[in-house]
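Below is one structure; the comments refer to it alone.
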Amino acid sequence: MLSKVIPSTGKLLISEPFLNDPNFKRSVVLMAEHSDEGTLGFILNHPSQFLLKDLVPDFWQADFPVFIGGPVEVDTVHFIHRCYDKLNSGEEIAKGIYWGGNFETLKILVNNNSIAIDEVKFFLGYSGWGIDQLSEEINENTWIVSDQFHQDVVFSNNEEELWREVIINLGPKYAHVSNFPSDPSLN
């Protein structure tokens with residue numbers, strides 16, 4: 001088994017390099033909730049074609065990119081942030097990283113340009129795993145669980161490099177994986 005870290009809220013799930021599921025190809029997922037009932041998370045590095053102002057007209061100043069959080073309930077908007085000092089709301093899921101919060105306050109802060117693009121990240125939908133589903137996928141080496149990351153990685157908009165960067169952060173045992181081609185048949 002590739003993964004030695006136990007999954008829990010606030011950790012990352014990193015997909016194995018040749019995962020064929022188009023929803024999770026070269027994905028980095030932040031787990032926002034993990035319990036005996038299942039797991040919920042957001043894919044950090046799959047951008048959508050939308051900006052927040054395209055989806056929520058009340059955010060008229062919001063040139064914030066929106067990411068595909070996962071294949072579940074893609075008609076919903078979710079957010080994580082690292083600006084609790086401004087929002088005064090949200091559930092801390094990792095050190096200095098919060099899930100959700102007061103949406104009306106967020107709207108005011110965004111429209112007043114009081115929140116920077118690297119302080120909040122928006123998602124369409126989420127990723128979800130039922131009871132024991134994630135454990136089975138980890139045992140099949142589909143995912144590596146990591147707690148070796150800086151919060152800047154979570155709020156990065158460099159989706160092309162994000163997967164590679166978190167693989168390298170796992171240490172020398174995994175670093176070579178970061179250079180695998182995304183399609184091995186092209187080698």
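- Within the 3.5 Å criterion, the main-chain N or O of Leu19 finds a donor-acceptor partner in the side chain of Glu16.
- In terms of the side-chain hydrogen bond (donor to acceptor under 3.5 Å, both in side chains) criterion, Asp85 has no residue partners (sequence neighbours excluded).
- Counting heavy atoms from C-beta on, the side chains of Pro71 and Tyr126 never come closer than 4.5 Å.
- Side-chain contact, Thr9 with His34: no donor N or O sits under 3.5 Å from an acceptor N or O.
- For Lys121 and Phe64, the positive end is not near the middle of the six-membered ring at less than 6.0 Å and at most 45° from its axis.
- The distance between the ring centers of Phe79 and Trp99 does not fall below 6.0 angstrom.
- No donor-acceptor pair under 3.5 Å is formed between the side chain of Asn169 and the backbone N or O of Phe149.
- Within a 6.0 Å sphere centred on CD1 of Ile117, heavy atoms belonging to other residues, nucleotides or ligands number more than 12.
- For the pair Tyr98 and Ile80, the minimum side-chain heavy-atom distance is 4.5 Å or more.
- No continuous path of ILVMFWY side-chain contacts below 4.5 Å connects Val154 to Phe122, so the two sit in separate hydrophobic clusters.
- Every residue two or more places apart in sequence or in another chain that forms a side-chain hydrogen bond (donor to acceptor under 3.5 Å, both in side chains) with Asn102 is listed here: Thr105.
- Residues meeting the ring-ring contact (aromatic ring centres under 6.0 Å, His included) test with Phe59, sequence neighbours left out: Phe103.
- Scanning all heavy atoms of the two residues, the minimum distance from Leu13 to Leu134 falls at CD1-CD1, 3.8 Å.
- In this structure, the side chains of Val153 and Glu165 come closer than 4.5 Å at one or more pairs of heavy atoms.
- Ile138 has its side chain within reach of Pro7: a pair of non-hydrogen atoms, C-beta onward, lies under 4.5 Å apart.
- In this structure Lys53 satisfies the side-chain hydrogen bond (donor to acceptor under 3.5 Å, both in side chains) test together with Asp63, sequence neighbours excluded.
- Smallest separation of non-hydrogen atoms from Leu170 and Ile144: CD1-CG2, 3.8 Å.
- With sequence neighbours left out, the side-chain hydrogen bond (donor to acceptor under 3.5 Å, both in side chains) criterion links Ser89 to no other residue.
- Ile168 meets the side chain to side chain contact (heavy atoms under 4.5 Å, CB included) test with Arg164, Ser178; sequence neighbours excluded.
- Two residues are said to be in side-chain contact when any heavy atoms from C-beta on lie closer than 4.5 Å; Trp143 and Ile14 fail this criterion.
- To the nearest 0.5 Å, atom CG of residue Leu12 and atom CG of residue Leu162 are 8.0 Å apart.
- Note that NE2 of His46 is 3.0 Å distant from OG of Ser27, once rounded to the nearest 0.5 Å.
- Of all the heavy atoms in Ser48 and Ile68, the pair that sits closest is CB-CD1, 3.5 Å.
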What verdict does the side-chain contact (heavy atoms from CB on, under 4.5 Å) test give for Leu30 and Ile93, after you've listed the backbone C-alpha separation in whole Å, the side-chain angles of each residue and the deciding distance to 0.1 Å? CA-CA 9 Å; Leu30 175 64; Ile93 56 174; 3.7 Å; yes
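- A salt bridge is defined here as a Lys NZ or Arg NE, NH1 or NH2 lying under 4.0 Å from an Asp or Glu carboxylate O, and Asp147 with Lys4 fails to meet this definition.
- Here Ser15 contributes atom OG and Ile43 contributes atom CD1; the two are 9.0 Å apart, rounded to the nearest 0.5 Å.
- Looking only at distances, a side-chain donor or acceptor of Ser127 sits under 3.5 Å from a matching main-chain atom of Gly69.
- Considering only heavy atoms from C-beta on, Glu160 stays 4.5 Å or farther from Asn45 through its side chain.
- Panel note: side chain Glu119, backbone Ala116; a donor-acceptor pair is recorded below 3.5 Å.
- Between His78 and Phe42, the ring center distance clears the sub-6.0 Å criterion.
- Between atom CD of residue Glu37 and atom CD1 of residue Ile131 there is a gap of 6.0 Å, rounded to the nearest 0.5 Å.
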Are Lys107 and Leu109 close enough, and set up right, to give a side-chain contact (heavy atoms from CB on, under 4.5 Å), and what steps lead you there? CA-CA 6 Å; Lys107 186 173 19 175; Leu109 291 168; over 6 Å; no
side-chain contact (heavy atoms from CB on, under 4.5 Å) between Glu73 and Asp75, intermediate numbers included: CA-CA 5 Å; Glu73 293 188 22; Asp75 59 343; 4.1 Å; yes
